[in-house]
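The block underneath contains the structure these notes are about, expressed in structure tokens.
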Amino acid sequence: MRITIQSVERSFDARLHFAVVDKKEIVAASYVGVPESVVAITAGIIEAREVRINDLIFNRSSDAFRRLDRRIGMGDVAHGMVFNSLATIDGINNVIQGDDNSKGYIISVNGNIKDDISAHVIERFGLPIEFKEQYSGLFGFMYEELEVIQNPDFLGLYPNLRAVRFDGNEKEVLEIVESALKNGMLIIPKSEVNGVFNPKWSMKEYMINNAQAMNKLLAELKPLHTMMDKLDPAIATMSRIPFPAQAHVIQGIINGLEISNSEWTAANMGTGKSIQACGVAHVLHERRKRNRAKKGMAVLLSAPGITLRKWQTKEIGKTLPYAKTTIIRSANEALQMLEKVRNGYRPAPGEMEITIVGIDKAKRDAEPYFSGIWKRVNGKKHYGWHCPDCGRQLMKKVEGEWFGLEWSDVAYGEKPSAERLADARVEKMMRHNGIPKDYSVKWRRTKQFMKCSYVLFPKGHVDSEEEVCGTKLYRPAVKNLGETRNTPTTNISKVFKKMKKYFDLAIVDEAHQCKAGGSGRGDAYDKIVKSAKKNLNLTGTLVNGKASSMKELLWRTTPKDLIEKGFTDSTGDLAWAEKYGKLKQVVFLQDAVNSSSAGWVTRQRRKPMQPTEEPGIAPQMTAQFLLHKTAFLDIDDLGLPLVELVEKPIFIEPKPEHGAAYREFHEQMYDKCLKLAHAGAKGAWSKFNPAVLNYAARPDLGAFYNFGFADAIGEDIITAPKLTGYTSKEEWLINQIKSELAENRGVVIYNTYTGEYQLNERTFQILEENGVKREEMRILNESNTEKRSEVLQKYEEDGVKVVITNMKLVEVGLDLLAWPTIIANQLTYEVNVFRQAAKRSHRIGQHRLCKVLIPILNGTQEVSQFKKVMSARGHALMTEGRLDRGELSKYSYDEQSSLATDLAQCFAEADLANAWEELAAKEFEELEMIAESEFQQVLDLRMKELAETTLKLCGVATSPILQNTEEKEVEQDESLFVFDFSQEQEVAEDDGGFISVIDLSSYKKKRTQKAPTENQLVFNF
Ligand SMILES: [Zn+2]
């Protein structure tokens, strides 16, 4: 059975495997033949030419198509496959995007069409898995079996292949499920939940009917502390008085520690986690004093090494000056302390002693030593690193290709010379690892090269299990072998554990950094937690990352909670992430030669890779394990004002020569990508944005793009000339930086294309050429997130005035207080990266006016990108409840042109800058901002007022002068939500406690409050 296509001069044909057809349209086809014919048939179908199978003529539909071409055997035969992009093959891969679409194809290779339909609707419409047996029946009228043309010669390949067309969009599908629930066709499985349910009820009726049951549940769960409750008077005796919000957190944690041994505080940066920690220690201490405890209080504080001095002098020293602090710097000091404790030492009654230890030191066991062997590569003259276990040469991946690992990949300094090696061999001074005994090496300990490179594809370069090695490449250094001069160190955290709960409280700063189970830090964390009766964990990023990051910490602090939920200490990260996080599984299509057939036939085998975890945490995890023992504090809860922030886009006209060259390049790229997209090429537009954006930014590099699309469309190269001199935007940047520096304002410059396009280096260079001093500038490209804040701190100490970096590197966690001007020299399409990066200097502690300047080269893709970012920002603000749906259109550009690649889109309308500034104002509407000139005065006054409020909450009398302002502050705290209660719906009177159910859609926006989701209902007590 043949598949044939007729081109202008000749006809091509190949042997058909199978084809799925929807009346006269091809849905999918698979065939083999000589490469030339297979390529021509694939291209022909994609270009919508007629295709013939035996004597029948088919066309393709107007949907997008995907293609797979590959050489098989010796390369003299090719396998081709085309399929409609709306097709789901085997139920799960390639799920159709977009919920408006009503058409979809399901191709079931194994013929289990019912299972594949179920998998398809569950995945595509998010239907509950509980009814999976019923879906194929329920949606029976929505799908239609398609004709499958099988070549009898290849019937052995896919003997059961079946396919259906599914017609139905999300709305229709959900309606069917809803009515099936109501009329009893789908029955909700029994559960242990104590309540009543009638499928005919609306959500509101459901809530009213269950009000009593829920009320009972809620009554059992009384909060440990509310904003209405009194604070412990001890808080008023701290040397630094916390703000009311911080004082409430302290009280909440104190109450929590009474019933649990482990509490958390998720304090965002700037919310004062150190004052919270000091406060907790202080109140516990004061309570012991009140109870006339016979011993004083012992506290263990672990924190990152660089912050120890700061903790000792600035935090504890200023907040609890009476506390005696000791920093443990070595294992010996820890051992001396252990000796003392074993001899019965305890702090004297009425005293508090805080022992401070660096978590980096506490975890230290032995110096790691690289275990690779440096020897001649088999059959070659040069040397390379070899695995100590499997003996093969260690490899690294560079831009998709594998190369031998070099000396400098794992060690600092020069590799030993050939002479040196020869001498060592003669003198018998060679170590087992091929390095002379007197040659000292410092290891890089790069994360990438921690394990033997022979692991499975795609991480490694091995594709069969038998070849896998992956052995660990670091081991402890051995002193006897001369690998280290240090005697083996004692692990400090182990020493603490031996003190048998000597400490009353362990405070772990940056607890999230201890997350990795089995890592040194995780281990040290475990020991530190076990050395104290209670622990308090401080973190700024509790739930920003991966779900598994919390697992180990919870396991070490509150294992009972996890055991109750059915987890054990052997629960893997993936099992945890499957329940509480986000997993990504990549499926590769692999050729497998099918020897039962004609020998050279291949079929595709789906090869799912080990799933990997992505950042993302399910609300259930927070609810089940964290909510009852964590105090969350946000910066706007503090009630402090911020200094003024302005955001300003600046549209700059390009120089005529650049403008003209740019336009030509843009149009050529546009035409080419459009053509490729029409022809169904995958990722046709992927080169477009980087190409045009970079020619806008760096015309000095010129542009050269090879599309290398060698078949039907022909090879194509698009170029643009190299232009010398500065662009008009670069000239603007130079002037702007000079004027910022003249006002002694630090500047951060964000670039996006920092890799091969070297935007950071270019920025550095043009500024240096124009008189900005080298020593005043730095390019920040520290890839280690944890080290980045140290690096920035160093810059600040060194008086660095200009920091050039990729926006992505400062997206979270860092503060850029020393650089109040931010210039987004290049934008990014990821709007949240921009929103986060733009706020990095605008935080509590900033006293200078903050500027965010966005220079944009008019008439280039930068304008189109800017519009796109603005639309996305508008959408984000709407979901957050800061912008009404009606206002959105003002800031939104045609979503249809989501690629927005047309040159016509690239010009700034007169009011574009205004629209952006308006939108920015919406984003900051909730913040109280004060002009730089008055800021310090307002801030001082406010801090005084807040401290007075705390004192009052602690029941301590305050001076009458401040009484007025105080009243105002307290008033603000009184109601947690501001709702429009006019539409209340009455509930039966005996529902003890519940007054009504309110629809939240008429919710009023209030400062510092995020809007709830639409159509949400709430009980009013
Ligand atoms: Zn190996």
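One-based numbering along the sequence shown. Numbering of ligands and ligand atoms starts at 1, following listing order.
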Apply the test side chain to side chain donor-acceptor pair (under 3.5 Å) to residues Y525 and N535: give CA-CA distance (whole Å), side-chain angles for both, the deciding distance (0.1 Å), then the verdict. CA-CA 11 Å; Y525 175 77; N535 59 73; 5.0 Å; no

Which residues pass the salt bridge (charged side-chain N to carboxylate O under 4.0 Å, His left out) test with D423, sequence neighbours left out? none

Which residues satisfy the salt bridge (charged side-chain N to carboxylate O under 4.0 Å, His left out) test with R445, sequence neighbours excluded? none

Could you go through Y750 and K808, starting from their C-alpha distance and side-chain angles, then the distance that decides it, and tell me whether this counts as side-chain contact (heavy atoms from CB on, under 4.5 Å)? CA-CA 9 Å; Y750 291 144; K808 278 213 129 161; over 6 Å; no

Suppose the criterion is salt bridge (Lys or Arg N to Asp or Glu O under 4.0 Å): which pairs have a residue in residues 382-397, not counting sequence neighbours? K396-E406, K396-D409

Between Q624 and Y580, do the side chains contain an N or O donor and an N or O acceptor separated by less than 3.5 Å? yes

Using a distance threshold of 2.8 Å, what protein N/O/S atoms lie below it relative to the Zn ion (ligand 1)? C387 SG, C390 SG, C452 SG, C469 SG

